[in-house]
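All figures in this text were calculated on a predicted structure; none of them were measured in a lab.
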Amino acid sequence: MFPTPAKTAAKPRPSKRTLESYTIKGSDGVINPGDAVLMKAPDSSKRPYVARVEEIEATGPRGANVRVKVRWYYRPEESMGGRRPFHGSKEVFLSDHQDVQSADTIECKCNVYSFKEYTKLDAVNAEDYFCRFEYKSITGSFVPDRIAVFCKCEMPYNPDDLMIQCDDCSDWFHPACIGKTIKEAKKLENFSCESCAAENEKKVESPHESTGQSDEKQVESKRRRR
């Protein structure tokens with residue numbers, strides 16, 4: 001017969017408790033669930049990672065070991081499709097990739113605004129980012145999968161780029177797409193896009209012709225979705 005193995009006492013599991021907040025070491029910054037944070041990359045030469053804190057927990061003697069459950073934000077170049085011309089320099093995607101990290105890796109709090117909030121900022125600071133997509137890390141897909149596009153090039157809006165609004169149709173255009181430099185575009189006081197300028201010219205050439213339409217101005221939005 002095989003010898004009966006000696007029974008050993010089971011080690012007690014370390015107690016774990018959920019924290020409502022955590023003070024970043026070496027600073028007076030307080031982190032709460034739902035806050036966006038910058039987290040140290042393993043390679044100090046790389047930029048910190050952006051994450052959203054989902055939960056904070058403490059284990060060990062007197063709760064000395066603090067860990068955070070996070071949901072990662074991906075930068076465009078970290079996604080399957082890579083960075084595209086319409087992606088802003090401070091744009092991030094809220095992914096479905098979750099992880100648990102030591103709270104010691106948190107550098108500081110940061111701000112991740114909605115796209116609308118970000119475009120209304122008077123100044124953009126180093127810790128300011130914006131998010132307009134959720135990203136599925138397994139499939140590489142985005143939610144939403146379609147957003148409004150503008151200009152002749154039919155590209156989504158990049159808040160880093162200057163755009164000019166047509167006074168007639170209210171659509172937006174990149175200076176390069178209408179043959180202007182940024183310096184020239186900034187000096188424009190009035191602007192009509194190519195299509196509206198042609199329509200306005202026809203009205204001037206034929207002021208007495210009746211169109212049979214209502215006198216109320218009909219404006220067709222050039223914004224499309226794809």
Side-chain angles (χ1 to χ4, degrees), residues 36 38 46-48 50 73-79 81-94 108-135 142-226:
L38 295 180
K46 293 185 178 180
R47 292 180 296 178
V50 187
Y73 284 101
Y74 279 43
R75 292 184 172 91
E77 55 270 24
E78 296 166 344
S79 68
R83 180 173 287 278
R84 299 183 62 187
F86 64 85
H87 290 142
S89 61
K90 305 303 292 290
E91 185 161 6
V92 291
F93 313 139
L94 181 61
C108 63
K109 289 178 68 170
C110 65
N111 304 305
V112 178
Y113 296 97
S114 69
F115 182 72
K116 186 175 183 180
E117 291 170 337
Y118 184 84
T119 58
K120 292 182 178 180
L121 293 178
D122 293 328
V124 177
N125 298 314
E127 293 80 24
D128 292 337
Y129 299 85
F130 73 90
C131 177
R132 56 179 158 180
F133 295 105
E134 289 194 13
Y135 177 66
F142 293 89
V143 178
D145 60 350
R146 296 185 180 188
I147 57 174
V149 297
F150 304 88
C151 189
K152 295 159 65 174
C153 62
E154 295 190 345
M155 292 291 286
Y157 178 45
N158 181 341
D160 298 337
D161 295 340
L162 174 69
M163 296 192 79
I164 310 164
Q165 188 175 34
C166 174
D167 296 332
D168 299 300
C169 67
S170 299
D171 200 1
W172 292 86
F173 296 84
H174 300 107
C177 293
I178 58 171
K180 301 285 185 183
T181 65
I182 292 178
K183 186 176 180 180
E184 290 171 338
K186 287 181 177 179
K187 292 181 179 179
L188 290 176
E189 294 183 1
N190 303 99
F191 168 68
S192 292
C193 69
E194 187 176 351
S195 297
C196 291
E199 289 296 324
N200 292 338
E201 188 174 340
K202 287 180 181 178
K203 292 176 182 178
V204 172
E205 291 176 352
S206 307
H208 302 300
E209 291 185 7
S210 173
T211 62
Q213 297 179 350
S214 168
D215 291 336
E216 181 181 352
K217 184 178 180 181
Q218 302 294 316
V219 178
E220 179 181 357
S221 173
K222 295 185 180 179
R223 294 178 176 81
R224 305 173 190 170
R225 298 178 72 86
R226 67 177 181 183

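Note that CD of E91 is 7.0 Å distant from CZ of F86, once rounded to the nearest 0.5 Å. Between the CZ atom in R75 and the NZ atom in K90 there is a gap of 9.0 Å [rounded to 0.5 Å]. The NZ atom of K180 sits 11.0 Å away from the NZ atom of K187 when rounded to the nearest 0.5 Å. Between the CZ atom in R132 and the NE2 atom in H87 there is a gap of 6.5 Å [rounded to 0.5 Å]. Atom NZ of K152 sits about 5.0 Å away from atom CD of E194, to the nearest 0.5 Å. Expressed to the nearest 0.5 Å, how far OG of S79 lies from CZ of R84 amounts to 10.0 Å.
The two residues T119 and P159 come nearest to each other via the heavy atoms CG2-CB, 4.2 Å.
Counting only heavy atoms from C-beta outward, the side chains of C151 and W172 never approach each other to under 4.5 Å. Within the 4.5 Å cutoff, side-chain heavy atoms of P144 are placed close to those of F133.
With sequence neighbours left out, Y74 forms a side chain to side chain donor-acceptor pair (under 3.5 Å) with H97. The salt bridge (Lys or Arg N to Asp or Glu O under 4.0 Å) check on K109 picks up D35, with sequence neighbours excluded. Legend: residues meeting salt bridge (Lys or Arg N to Asp or Glu O under 4.0 Å) with E77, ordered by chain and number and at least two apart, are R47, R83. Residues passing the side chain to side chain donor-acceptor pair (under 3.5 Å) test with N200 are D168, sequence neighbours excluded. Under the salt bridge (Lys or Arg N to Asp or Glu O under 4.0 Å) criterion, E134 pairs with R71, not counting sequence neighbours. Every side chain to side chain donor-acceptor pair (under 3.5 Å) that E117 has, sequence neighbours left out, goes to S114.
Classification of the F191-F173 ring pair by plane angle, with boundaries at 30° and 60°, yields perpendicular. Using a 30° and 60° split on the angle between ring planes, F115 and Y157 fall in the perpendicular class, above 60°.
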Could you please spell out the steps behind the side chain to side chain contact (heavy atoms under 4.5 Å, CB included) verdict for V124 and F130? CA-CA 10 Å; V124 177; F130 73 90; over 6 Å; no
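Counting non-hydrogen atoms of other residues, nucleotides and ligands closer than 6.0 Å to CG of L121 gives a total above 12.
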